[in-house]
Amino acid sequence: MAQDEHRPKRRKTKAENDTSIVKIGNKTISLSAYLQPQKKPLEQPPADQQYTTVETQPESKIESEPPKKSESDTRKKNAPKQHISSGDPSLLKSRKALPIWTHQNEIKASLRDDNDVLLIVGETGSGKSTQVPQFLIDEPWCRKKKVRVQSDTVNVGGMIAITQPRRVAATTLASRVSREIGTPLGTSREGLVGYSVRFEHNIPKGTKIKFLTEGMLLQELLRDPNLRQYSAVIVDEIHERSVDVDLIAGFLKQILLGDKAGRGGIPLKVVIMSATADVEKIQGFFNPENLTSSVQLLRIKGRQYPVDIKHTTKPVSDIQEALLKRIFDIHMHEPLPGDILAFLTGQEEIEAAQRLIEEYSATLASDVPKLLVCPLYGQLSIQAQQDAFQPAKKGFTRKVVLATNIAETSVTVPGVRYVIDCGKAKVKQFRSQLGMESLLAKAISKSSAIQRTGRAGREGPGKCYRLYTSETYDSLRDADLPEILRNDVLGAVLTIKARGINNVLSFPLMDFPDLESVEKALIQLHFLGALADDGSITETGKKLALFPVSAPYGRVLLAASEPQYDCLLEVIDIIACITAGENIFYQLQSEEAREEVEEYRKELYRREGDILTYLTTMQRYAAENADRTGWCRKRKVNTRTMKQALNIRKQLRGICLKEKMLAEPPPPDPQPFVPMSPEGAAQLLRCFLRGFGTRCALLAPDSSYVTVQGKHVVAVHPSSALHGRKRESIMFLEHVFTQRSYVKKVSAVQADWIVEVMEGRG
DNA sequence: GACTGTTTA
């Protein structure tokens, strides 16, 4: 294990230059408590009940029958209801045509007996996500068992969890598999397949296969560290290497290596599924020396048409020019139908390219097919995104989709035969030394380039034009840096600690973040009151882990429920707006557009800054009962984001009620709008300082802002209500480096409030 | 005067 080799080295470095004493405000804390060495190689999940005897009892009489019974026989009798049939016959044919179908017995065999881990590498279209859970549900080890855990009799197993990085994948896969298996979702209260994603749970009675998002499984781990309801966990799309999937891999490894006490001795089977072949790392991670059986590996061919790859002969200096030439070359020489998908880095580049293409295509002769340009990026409205997925309405037209890497994994554009790849993508990188993230265009990885290329071969043979040389391709990194090495690890550290692992350095991770960034996270968590001076998790920390928002926001929620602040409903409204995804305010491109909405937006803006502006917007939106969509349109407010904000508001209110932070359910909408008084606003902002006291800046004599911690010059982002305004001191919720160092979500505060909070008097 | 992409009871 990589982190095993590195850990002693890190500790040595620590001892050499002792930075383990850190001052925060008036507090001095010693990091050695956080970073204590541990003799045990791995910390076990908390054995909330001590394991004494294993008494594996068959739950039903079928299980005590002789094991010779044929599979179909067992199936019939084991069925909760007669609807456990062989599935929908019309779908069975297409299932049998999937490349994975012939591996069915192999997959079953590789998880029998003491083999608990299977790694499946399968390209897109292999059918692994839909078929593997169906192959496994009738395996003998997949039955629910009654066992004794200390003095309690508990059920262990019976279900298979399958994780997905995105909500839409979890729900659509569940829908597909439920139809294949013969118990379609939504037709009955009983069924074999269900899903669980944020805001949406559909778990029919008798569910054996449960699709869920990665975050959802992490949340379940909080309540049940041993995942007792599951016989197996299938981790899909592990190659995407989200922070959540890395954490899940760590928790699964701990359960695999543990003494199974919390599961009454019953093993958990783990299937890891990946689209790319970075096999050694995953295999090595789950296959340490002390595991008796080795990790089985299965490779499955995908169903992909061949794609002809063309590189440039010389490096490209002007991407826009090369793109334009390439698009019109394809357009003039390749037959219809066959749409073009071009990967660019961001909105700005896409808009510029769109203008150029449209200008040039206007000059084309009338006997040449038309070109329809569709931008595709996350900030785009749903409607505009839909246009990119629809075939061109007019005939004799070729569609050109100009996309960010949203089209690499998150969405699939149909009809594409030609891909143009600029070789770059914007990547977020957190710099823990500066407490700031950057968003800059960087060279993509080989794996990313291959993924982009594959988008040309979904429906037939295709071509991929790379706007870089084959030498450049050879020089690319094999895989992208996993997110856990690019992100703030604050959330990851809290997630680990809240699930009973005190020594985060002992937690198994495929890639371990810098010690320094872990230290920074620990210090920040200590400031938030989530960790005690000895580094152990506090009650506050446990509460923060319950909220579906980052720890600083969670801290603000907790502060808001204290009598001295008493502004919980307001804080919930604000945090709901902020964490709903995109900015609730559309960015206005032209002077005209700005003038058009000015009158309407004026009543939303507050001189205190963005936090109060969000509050006003949510309150006025919720007070509007007749036509919310029209209300949004007039103010150029993102309806989708506001709807999401209402969902989050409801969720947060629910958690706060359950946690007794709210005494009673808030009155239902619509409530009359009452603007918050300046005094109330001041209290609200002081409350936010409890989470963001470390993110403040003071106005310097030269009118720039300088951060209190680190003394960095920052500019107020143009999206902020305080852009171009001068305030004595500001608090910001985000700090991003793009063209320059920007702070976002900015509010005016008073310097003495900052001192107050940092000295622990807030 | 500027905005890769996901996700959480």
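Note that these values count all heavy atoms, side chains included, but never hydrogens, waters or copies made by symmetry. We name chains A, B, ... by the order of the sequence lines, and we start the count at 1 in each one.
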Nucleotide of [options] approaching [X] most closely (side-chain heavy atoms):
X       : options                : value
P718(A) : dA9(B), dA2(B), dT4(B) : dA2(B)
V197(A) : dT8(B), dG1(B), dA9(B) : dT8(B)
E483(A) : dT8(B), dG5(B), dT4(B) : dG5(B)
R167(A) : dA2(B), dT8(B), dG5(B) : dT8(B)
R594(A) : dG1(B), dT8(B), dT4(B) : dG1(B)
R198(A) : dG1(B), dT4(B), dA9(B) : dA9(B)
M216(A) : dT4(B), dA2(B), dA9(B) : dA9(B)

**Asked** Under 6.0 Å from the six-membered ring centre of Y473(A) and within 45° of its axis: does the NZ or CZ of R466(A) meet both?
**Response**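 Satisfied, under 6.0 Å and within 45°.
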
Please report, rounded to the nearest Å, how far the [atom2] atom of [N] is from the [atom1] atom of [X].
X       : N      : atom1 : atom2 : value
H239(A) : dT6(B) : NE2   : P     : 15 Å
L380(A) : dT4(B) : CG    : P     : 12 Å
K442(A) : dG5(B) : NZ    : C1'   : 16 Å
E200(A) : dT7(B) : CD    : P     : 12 Å
Q385(A) : dT6(B) : CD    : P     : 8 Å
L218(A) : dT6(B) : CG    : P     : 19 Å
Q644(A) : dT6(B) : CD    : P     : 12 Å
Q451(A) : dT4(B) : CD    : P     : 20 Å

[X] near the nucleic acid: base, sugar-phosphate alone, or nothing, with a heavy-atom cut-off under 4.0 Å?
X       : value
Y742(A) : sugar-phosphate
S410(A) : sugar-phosphate
Q651(A) : base
G346(A) : sugar-phosphate
L439(A) : base
R166(A) : sugar-phosphate

**Request:** Ignoring backbone atoms, test whether T213(A) places a side-chain nitrogen or oxygen under 4.0 Å from the OP1 or OP2 oxygen of dT8(B).
**Result:**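 For T213(A), the contact criterion (side-chain N or O under 4.0 Å from OP1 or OP2 of dT8(B)) is met.
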
**Message:** With a cut-off of less than 4.0 Å, is there a side-chain N or O of T404(A) near OP1 or OP2 of dG5(B)?
**Reply:**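 So the side chain of T404(A) is within the cut-off, an N or O lying under 4.0 Å from OP1 or OP2 of dG5(B).
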
**Request:** Determine the interplanar angle of the H717(A) and Y742(A) rings, folded into 0 to 90°, and report it as parallel if under 30°, tilted if 30 to 60°, perpendicular if over 60°.
**Result:**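 Perpendicular.
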
**Asked** Taking atom types as modelled, is there a side-chain donor on S242(A) or E214(A) under 3.5 Å from an acceptor on the other?
**Response**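 Checked: S242(A)/E214(A) side chains pair up, N/O donor to acceptor below 3.5 Å.
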
**Message:** Do the side chains of E437(A) and R486(A) get close enough for a salt bridge, i.e. N-O under 4.0 angstrom?
**Reply:**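 Judged by the 4.0 Å cut-off on N to carboxylate O distance, E437(A) and R486(A) do not form a salt bridge.
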
**Message:** On DNA chain B, does the nearest nucleotide to F547(A) precede the nearest nucleotide to K428(A) from the 5' side, or the other way round? Give the residue.
**Reply:**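 The residue closer to the strand's 5' end, by nearest nucleotide, is K428(A).
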
**Request:** State whether the distance check finds a donor on one side and an acceptor on the other, under 3.5 Å, for side chain K426(A) versus base dG5(B).
**Result:**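 Not at all, since no donor on one side and acceptor on the other fall under 3.5 Å apart.
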
**Message:** R649(A): which residues meet the salt bridge (charged side-chain N to carboxylate O under 4.0 Å, His left out) condition with it, sequence neighbours left out?
**Reply:**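 R649(A) satisfies salt bridge (charged side-chain N to carboxylate O under 4.0 Å, His left out) with D573(A), D669(A) once adjacent residues are dropped.
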
**Request:** Applying salt bridge (charged side-chain N to carboxylate O under 4.0 Å, His left out), name anything that partners R198(A), two or more places apart in sequence or on another chain.
**Result:**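 Per chain and number, R198(A) pairs via salt bridge (charged side-chain N to carboxylate O under 4.0 Å, His left out) with no residue.
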
